[in-house]
Number of protein chains: 2
Amino acid sequence: MGRVSDARQRLLEATNELTWKLGYNAVTVDAICEKADVRKGSFYHYFESKPALAKAALEAQWESYSRPLLEASFAADIPPLERLKRYMETMYKNQKEKKQRGERVLGCPIFSVAMSGEGVEAEVVEAAQRALKRKLRYFQTAIQDANDAGLIKVDDTEAATQAVYSLFEGAWARARIQNSPEPLAGLYEQALRLLGAAEQESPPKKSRVA
Amino acid sequence: MGRVSDARQRLLEATNELTWKLGYNAVTVDAICEKADVRKGSFYHYFESKPALAKAALEAQWESYSRPLLEASFAADIPPLERLKRYMETMYKNQKEKKQRGERVLGCPIFSVAMSGEGVEAEVVEAAQRALKRKLRYFQTAIQDANDAGLIKVDDTEAATQAVYSLFEGAWARARIQNSPEPLAGLYEQALRLLGAAEQESPPKKSRVA
DNA sequence: CTTGAATTTGACTAGACGGTCAACTATACT
DNA sequence: AGTATAGTTGACCGTCTAGTCAAATTCAAG
């Protein structure tokens with residue numbers, strides 16, 4: 001019964017856009033309301049507080065953005081290393097296109113929130129941490145599968161996975177910092193080295209002098 | 001002439017401590033003043049604004065903290081790969097000890113500020129970016145030296161350096177997120193794989209099944 | 001001991017912030 | 001058509017925030 005509205009959805013989207021660009025603490029309730037074209041009273045009709053909205057927004061973003069992107073690249077019917085390749089190259093292309101469109105390179109929408117640590121309500125940080133852990137699982141599965149298929153050569157699969165993940169998140173974070181997609185370029189090849197799985201080699205060059 | 005004081009210094013230190021823990025936007029001038037035991041009026045005697053202080057604090061931190069740590073590990077008379085090893089293991093130990101002392105694992109004091117992007121005054125972000133670029137140069141020199149000495153085997157030295165740096169910063173960031181030093185454990189060995197410089201090998205194991 | 005510059009102080013402001021509320025409006029269901 | 005209910009509105013509040021200032025204090029140097 002009663003009226004219908006998509007104000008809740010608009011609030012979630014506005015929150016994610018602003019938080020991605022500015023970081024959680026730099027985003028105000030007023031700014032969210034303005035962007036979503038919703039009055040403050042309505043805001044508190046849908047969410048009991050700013051952190052509650054931020055938490056819901058992160059979860060919505062996981063479902064509508066991050067998860068689909070991951071599922072597309074990490075589909076189980078794709079060869080395991082191909083999954084990594086697809087994901088990394090898709091992310092690179094995404095950021096590159098953004099840059100060419102004149103937009104800023106914003107990196108991972110979840111990572112910067114997760115990094116806030118204290119200084120942001122635990123509720124929000126924990127939602128971001130959960131999302132990052134889920135993301136890690138795609139890497140773990142793919143690399144485990146690659147290992148089972150004998151495609152990689154590592155002493156410690158888990159350590160290698162962590163390293164690939166750190167490499168990826170680090171590159172993505174640096175892309176944001178530099179406002180450039182370049183740190184994400186050629187990441188797959190670097191990941192292969194971590195995994196002891198040199199691909200079809202191009203002719204190796206010897207050392208060169210500075 | 002006139003009075004002498006170390007209030008300026010105390011303000012810089014308080015700013016760095018709080019920013020490291022909470023992130024720039026969660027730190028208020030009042031909190032800084034309280035921690036430094038300085039009244040607000042004095043604050044604005046020494047710094048013309050909050051971002052101006054933050055910028056000065058980042059520069060002070062580079063000189064008094066980051067730079068010494070880097071210089072100690074990356075001294076030119078140490079073999080190039082040994083430099084990387086020392087740095088990474090020092091950072092790991094640092095964070096591990098912090099954790100054992102019951103403190104939080106805070107990661108890189110500069111990285112989180114640099115990641116703020118818009119939403120933090122350009123002045124502050126740029127100071128952080130400068131510091132990160134300087135840090136990268138230590139990696140570049142060490143890896144270039146390793147390459148010149150034939151210690152590593154990479155097609156593209158610069159790309160490998162970027163990857164090692166992304167790996168390191170990514171791991172450090174994840175350490176903060178997880179409040180655990182573990183992402184930094186064994187990083188040097190992973191870096192060696194990126195550089196095509198397998199160390200004194202332990203007997204290699206073949207793939208294993210989940 | 002005087003002088004005057006450097007420093008300290010606390011009270012002050014204006015605006016932004018997160019959040020509240022009671023009244024109002026639209027509409028899906030009976 | 002009537003009504004309960006979901007959604008909307010804008011004015012309002014207390015607190016926090018960055019920043020100001022004129023007056024008071026300290027002390028190095030002449």
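Everything numeric here is computed off the predicted structure, so don't read it as measured data. When reading the values below, keep in mind they use all heavy atoms of this one structure, side chains included, and skip hydrogens, waters and symmetry mates.
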*Just checking, B:K50 and B:F43: is the charged tip under 6.0 Å from the six-membered ring centre and within 45° of the axis?*
no
*Output the distance between atom CD1 (A:I143) and atom OH (A:Y138), rounded to the nearest 0.5 Å.*
15.0 Å
*Would you call B:E126-B:R130 a salt bridge at under 4.0 Å N-O?*
no
*Rounded to the nearest angstrom, tell me the gap between atom CD1 in A:I32 and atom P in C:dC17.*
11 Å
*Starting at atom CG of B:D30, determine the distance to atom P of C:dG10, rounded to an integer number of angstrom.*
14 Å
*Do A:D37 and A:R39 pass the salt bridge (charged side-chain N to carboxylate O under 4.0 Å, His left out) test, and can you show the C-alpha distance, the side-chain angles, and the key distance before you say yes or no?*
CA-CA 7 Å; A:D37 191 31; A:R39 255 45 60 196; 3.2 Å; yes
*How long is the gap from CD on B:E17 to CG on B:L106, to the nearest 0.5 Å?*
10.0 Å
*Close approaches to DNA chain C from residues 38-54 of chain B, in residue order (heavy atom, under 4.0 Å)*: B:R39, B:G41, B:S42, B:H45, B:Y46
*When you measure from every atom of DNA chain D, which of residues 6-14 of chain A have a heavy atom less than 4.0 Å away?*
A:A7
*Could you go step by step and tell me if A:E182 and A:Y92 meet the side chain to side chain donor-acceptor pair (under 3.5 Å) rule?*
CA-CA 8 Å; A:E182 281 319 302; A:Y92 176 53; 3.2 Å; yes
*Heavy-atom distance under 4.5 Å between the side chains of A:F111 and A:R176, does that happen here?*
no
*Does the ring of A:F74 carry A:K135 above it, NZ/CZ under 6.0 angstrom from centre and within 45° of its axis?*
no
*Check whether any side-chain N or O of B:S5 sits under 4.0 Å from OP1 or OP2 of C:dT8, and answer yes or no.*
yes
*Thinking salt bridges, do A:E189 and A:R193 make one under a 4.0 Å N-O criterion?*
no
*asked:* Could you check whether any side-chain heavy atom of B:L53 comes within less than 4.5 Å of a side-chain heavy atom of B:L12, counting everything from C-beta outward?
replied: yes
Under 3.5 Å, which protein N or O atoms sit close to an N or O of nucleotides 23-25 of chain D? Give each pair with its distance.
unit_1: D:dT25; atom_1: O2; unit_2: B:R3; atom_2: NH1; d: 2.7

